[in-house]
Amino acid sequence: MPPIYVKPENALKRSEELLALGTPQSQQQAFENLVEVFMSKKFKHTPVSILEPIVFKFLDLCVEMNRKAHARQALLQFKNAVQTTSVASIEKVLNHFIAQAEARLASATEQAKAEVAALPENPVVDDELPLQPTSLLLDTFVDNAGDRERIERRLIAPAQKFCWDAYDISLDIAKSNDRLEVIYQSVAHRAFNFCKVHQRKSDFRRLCEQRLRKDLTNAAKYGHQQHAINLSDPETLGRFLDTRFLQLETAVELELWQEAFRSVEDVHGLVAAGKKVAKPAMMANYYEKLTQIFKAEGGKQTAVFHAAAWARYFQYAERAGISNDKAPGSVLLSALAVPLGEVETKQRLIALLNLPKMPTRESLVKDAAGKHLKRVPADVRQIYHILEVDFQPTTACKTLAPLISSLAPEYQPYLPALREVVLSRLVQELAQVYDTVTLSHILNLVKPFENTPWATDMPSLEKFLMSACRRGDISASVDHVAQTITFVTSTAQPNRLSDLAIVLYNTIQYLNPTPVTSRADAFAAALAQAEEERKQVAHRRQIVQKRRELMEEANLRKQREESTALAERLKAKALEDERRAKEAAKQAEVDRLRKQMEDARRAEAEQLAKQLADKGALKVDIKSIEDLDSSKLVALQVEQLAKEKREHAERLRIVGKRVDHLERAMRKEERPLLAEDYEKQKVQDKIEHERLNRESKELAIQQQKASVELKNRLGRMLPDFIVARDNVESQREEEFKLAREKARAKVEEEKKKLKERLIERKKAEKAKREEERREAEERERQAAEEAEARAAEEAARAEEEAKAAAAIEAAKAEAAERAAKARAERDAQRAKDEELLKMRLAREEEAERRRAERSSGAGAYRRPGAPAPAAAETPAAAPALAPTTVKAGGWRERAAAKAAADANGTASPTATPSSPARQPSAPAPADGQAQGDAPAPERGAKWTRGMGGRGRGGATPPTSGRAPSSRW
């Protein structure tokens, strides 16, 4: 039996009545009534004005009863029902759902605060009570803080969880739909605020990763579908950017720097995807958040990007007009705080900052000084001059000490990085002057930094030196025993080479001193040696030039060969890579389609299983089923329903049997008592009847007495009543006359006005009828003209068609005449051939008969086995082959005649019913009838040969004298 359909408004009214009772059972029953409304097939056809209050009430119950699965299903069905007609209703329902969840959370928070405030500060302990192990253990581990946590976990945690689920469900309902994009962004903003207020860091990560980024990816992937998110729309892109900036701010406030960096990547992707340039204020906010992220990251690798982000921020802040006075100082100090040395190139961060190349410390400092040096405070300007313009190792620390103490609080975060830069610059300057320096000397140089944020002791100095050596800022080794630092310099430096040359020359002169000669001899020897060296150098130059030319030719030949081989290898590699890429793409597409089909099948099966489980039609753990399949689930559902039906029928049978036995036993026991009960009932009925008679008589007497007394009292008032009635009637008669006169006058006036209106209306109707008549006549005239034109056109067309038909008929008649002529020629030729055949067969039969007579000595042909006929009865021998007249007919007649001849087994002619040889007036020929008596064959006749005889040149006559069937 199908379920009874209940109107949604009646179900809502019934649910409100049940909720008014205020019991958990009535609340559950009201919830089930509304669930049946959503499960009805007519839900989609219900008007929106009726559905809205039902959905509101159902969502209220879901919030109170913590039914998030039912809420999700209800919102999904409501969206499918009204998304094409009323998008505003969906927004209203989602806002109501979230408001109810937030109200529940606020109520739970207030209740928890009240219970926590009601807790005693010091628990009262009764010392007179006996000590129990449980009480001792409870007093040991439980205090007020534990009570507070338990209260919050009991009241606030479920409300927070449901509120988060409400945000997630609302985002799931409104995703990937441009008509619900505004409410989608609004719910996302409220979810960010929820995570920020309640410090829900894990929920915030889940919201960003599994919801917002996934929805944005799907929107870009399925952008070709109807009502998909269009990111090329400036307003839509602006709303998405606002949401991502709020996401970035929330991540920064929650100190989730990794999530903040991902949010920055999201913003960069949206800005790059948009066709319209973002607003300067928005980009300034973007770079400001980047400065916070890079500042929180710290380290040498991100300091340069932090300074670049400050520079980009100030550039857009000036365009938007939102920069402050401290911003130029932050730009310059962030550039000065970049550590010395090379930095690894990171293309990902360069792309996020929209920079053309990798920023360096030198370029950032130069750009900041050129643009903002005049606008920064004086102490910041002095720090720049000391570090970059004129750095003096001996006096730099004394000059910088008072400056760093007077820096504004906004610049204090850069002091640790600036300390590293100052110490690195100091050690590098010392390395250019000294080979070895004591650590105490360096401590004396940085001693002015005592009592400042840059205070440095021996452990911190050693730690800095080790870090600087590891980073590659300096090359040195520390001797911890001697408390010295030795700077290691490269031997490739020019000053070191010159020193080495001097030392080697001195050593050679000491080992092989030059003999003392005269000045002239030495000069002549020097000239001769110089000339010899010149010749050797010229010869060597020629050899070197020749070798260089040969080497260049060899190199060119080698380069050509290598380039050719490289081109061939690259071509082969490109072809191989292309082939592999095609195969990989093909395999990836196949895997994607297979996975998509499997996911779709799995998702469909899970959804079906979930729907069946929610409806209560499937009582199996879905997670325990390995291979979900729709057909298996349906079969499982059918099997389970059949099982439940059998169990229900068995229970009904047992209960019915028990009731039958109980009723039979009761009737068996009460049967002896019926007569006794009947007698008792008669006595009681008689007593009751007499009592009622007495009471009715007494009541009638009392009523009579009261009526007489009332009549006497009213009789004394009758004269006064008559006088008063006459006065009232006379007064009302005068008022009635006046009112009647006024009404008559008013009626006459209204009649006059009505008459005038009727006359005017009749005139207007008459004019309208005249106008309509003229228009109708005009339309009829036009229609008649059009009909005449159409008739003329049709007549012309009919004449043309008649001519064409006549031509076609003439062609057909000519073709039929030619066909008849050809058919007559064929029939004449066939008749001629038949005559020739007949004559030849007659001659053959005659010759055969004569041969038979001569061989047997008999004068006539006898049938084998038949007695010899009398001489008077011996007819002329009939030929074995006779012509059969067949009149032209259909193929059915010819096939039937052939089948009849085969069935009779005779040589009877297969003539049609129209043949003269088969007319009822012509009897069938006898066995001895001569062939000459047979009628002449008509045109189109066929010759048939009998199937009975095997004699040479002849046929056996019919063996039966039975006349042919009347059918043929």
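- Atom NZ of Lys68 has 12 or fewer heavy atoms from other residues, nucleotides or ligands within 6.0 Å.
- Between Ile90 and Arg179 the shortest side-chain heavy-atom distance does not fall below 4.5 Å.
- Between Arg211 and Lys175, some side-chain heavy-atom pair lies under the 4.5 Å cut-off.
- Around the CZ atom of Arg773, the shell of radius 6.0 Å holds more than 12 heavy atoms that belong to other residues, nucleotides or ligands.
- In Arg740, the CZ atom is crowded: over 12 heavy atoms of neighbouring residues, nucleotides or ligands sit closer than 6.0 Å.
- Across all their heavy atoms, His96 and Asp60 have their closest contact at NE2-OD1, 2.8 Å.
- Within the model, atoms CD1 of Ile173 and CG of Leu180 stand 9.5 Å from one another, a figure rounded to the nearest 0.5 Å.
- Not one N or O on the side chain of Ser40 forms a donor-acceptor pair closer than 3.5 Å with the backbone of Val37.
- The shortest side-chain heavy-atom distance between Phe43 and Pro8 does not fall under the 4.5 Å cut-off.
- Between Val708 and Asn712, some side-chain heavy-atom pair lies under the 4.5 Å cut-off.
- Note on ring orientation: taking the six-membered ring where Trp is involved, the planes of Phe97 and Phe162 are perpendicular (angle over 60°, cut-offs 30° and 60°).
- Remark: aromatic rings of His70 and Phe31 are close, center separation under 6.0 Å.
- Ionic pairing of Arg72 and Asp168 is present here: one or more N-O contacts between side-chain nitrogen and carboxylate oxygen are shorter than 4.0 angstrom.
- Around atom CD of Glu729, more than 12 heavy atoms belonging to other residues, nucleotides or ligands sit under 6.0 Å away.
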Glu772 and Arg769: CA distance, side-chain angles, deciding distance, salt bridge (Lys or Arg N to Asp or Glu O under 4.0 Å) verdict: CA-CA 5 Å; Glu772 291 177 352; Arg769 284 195 300 272; over 6 Å; no

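- Contact record, Leu59 with Ala71: CD2-CB, 4.1 Å, taken as the closest heavy-atom pair.
- Annotation: side chain of Leu19 is in contact with side chain of Gln27 (closest heavy-atom distance under 4.5 Å).
- Taking the side chain as every heavy atom from C-beta outward, Gln731 and Asn727 never approach each other to under 4.5 Å.
- The two atoms that bring Ile229 and Ser176 nearest to each other are CG1-CA, 4.0 Å, heavy atoms only.
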Stepwise salt bridge (Lys or Arg N to Asp or Glu O under 4.0 Å) check, Glu741 with Lys737: CA-CA 6 Å; Glu741 293 297 331; Lys737 291 180 179 180; over 6 Å; no

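- Aromatic ring orientation, Tyr167 versus Phe194: tilted (interplanar angle from 30° to 60°).
- Looking only at side-chain heavy atoms (C-beta outward), Lys755 and Ile759 come within less than 4.5 Å of each other.
- Interatomic distance, Lys201 NZ to Leu254 CG, rounded to the nearest 0.5 Å: 6.5 Å.
- A salt bridge is absent between Glu770 and Lys766; no separation between the charged side-chain nitrogens and carboxylate oxygens falls under 4.0 Å.
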